[in-house]
Number of protein chains: 2
Amino acid sequence: MNGKKIFELHADVCKALGHPLRIEVIDLLQKKELCFSDILEVTGGLKSNLSQHLTVMTKKGILKMRREGQCNYYSLSSKKVAQACRLMREVLIESLKKQNAILEKM
Amino acid sequence: MNGKKIFELHADVCKALGHPLRIEVIDLLQKKELCFSDILEVTGGLKSNLSQHLTVMTKKGILKMRREGQCNYYSLSSKKVAQACRLMREVLIESLKKQNAILEKM
DNA sequence: TGTGAACTATTAAACACTTAAACAATGAAT
DNA sequence: ATTCATTGTTTAAGTGTTTAATAGTTCACA
């Protein structure tokens, strides 16, 4: 494997976290597996769009899908996804706090 | 704050991980702070390009920058960035293994 | 055969990436 | 003080990628 190839694959997986709707879905699925229409009900928006985003996340390996009867159930492929997401949320919070502190000094 | 606003900000921070060069930089900075030209030497490519990627990461709060003498030193804003990145790398590895297992069955 | 659940295809608009060139800011040499 | 080299940053243009919206399709099953 070319030395840079791993960075491409890694970035590709990370990219799957880089959309508000996808973050919201990961947040939802932290608690438990849900089917497509359950997710749609919470997130709102178009079915086709949600479907596309779920497909992206599944292809990149951060979600798993299982078909049962007429419903498609989605879940996180690993707890590590939720952990990584939580860590990045903390990075965000710290960054917002820092910005705020700077603003208050002005 | 609008309920969805946090997802946007969160996705924005995650998006900063979604590029091969930026993953490579995070990998490098895990060990220690480095100055621009050190990073450039390892990653290769154009300096203007690297500069832009570093600026993005700094603005999104995942890197810090410090000027010393004629050099700009970059470092991770928090160990959490490295941790999150490592977790996502593990998610990738697991996903690659799974794909491989599927291929071998064929 | 009709219905509910979800996926796929298409396209225009928005956004991100690369490249090259111009532009600071600093420090050293004359 | 002036000039030069070094170290990056900024800007602008062109290209490529991602996203949202719409419409159409598939599949299971009652």
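Protein chains get the first letters and strands the later ones, always in sequence-line order, with residue 1 at the start of each.
- Note: B:S48 OG to B:H53 NE2 = 9.5 Å, rounded to the nearest 0.5 Å.
- In this entry the distance linking CD of A:E41 with C1' of C:dA6 reads 16 Å, nearest Å.
- Taken together through direct or relayed side-chain contacts under 4.5 Å among Ile, Leu, Val, Met, Phe, Trp and Tyr, B:L29 and B:L40 form part of one hydrophobic cluster.
- For the atom pair CZ of A:R89 and CG of A:L87, the computed distance is 12.0 Å after rounding to the nearest 0.5 Å.
- One finds no side-chain N or O of A:H53 lying less than 4.0 angstrom from the OP1 or OP2 phosphate oxygen of D:dT18.
- Remark: B:H19 is in phosphate contact with C:dT18, judged by side-chain N or O atoms under 4.0 Å from OP1 or OP2.
- We find that B:E8 and B:K5 are joined by a salt bridge, their nearest charged nitrogen and carboxylate oxygen being less than 4.0 Å apart.
- For a distance-only test at 3.5 Å, the side chain of B:S51 fails to qualify as a donor-acceptor partner of the base of D:dT10.
- In summary, A:K32 and A:D38 do not engage in a salt bridge, as defined by a charged side-chain N under 4.0 Å from a carboxylate O.
- The distance between atom CG of B:L46 and atom C1' of D:dG8, rounded to the nearest whole Å, is 13 Å.
- In this entry the distance linking CG of A:N49 with C1' of C:dA5 reads 16 Å, nearest Å.
- Atom CE of B:M57 is separated from atom C1' of C:dA16 by 15 Å (rounded to the nearest Å).
- If you take CD of A:E68 and C1' of D:dC27, they are 16 Å apart, rounded to a whole angstrom.
- Place B:K15 and B:S48 on DNA chain C by their nearest nucleotides, and B:K15 ends up nearer the 5' end.
- An OP1 or OP2 oxygen of D:dT9 is reached within less than 4.0 angstrom by a side-chain nitrogen or oxygen of B:N72.
- Of all nucleotides listed (D:dA21, D:dT10, D:dT7), D:dT7 comes nearest to the side chain of B:K47.
- Judged by distance alone with a 3.5 Å cut-off, a donor-acceptor contact links the side chain of B:Q52 to the base of C:dT19.
- To the nearest angstrom, C1' of D:dT10 lies 13 Å from CE of B:M65.
- Residue contacts shown for A:R67 are absent, as no nucleic acid heavy atom lies under 4.0 Å away.
- The CG-P distance, from A:L40 to C:dC7, rounds to 11 Å in whole Å.
- B:Y74 comes within contact range of the sugar-phosphate backbone alone, with a heavy-atom separation under 4.0 Å but no base atom that close.
- Following rounding to the nearest Å, A:L21 (CG) and D:dA20 (C1') show an atom-to-atom distance of 11 Å.
- Residue B:S37 places no side-chain N or O under 4.0 Å from the OP1 or OP2 atom of D:dT6.
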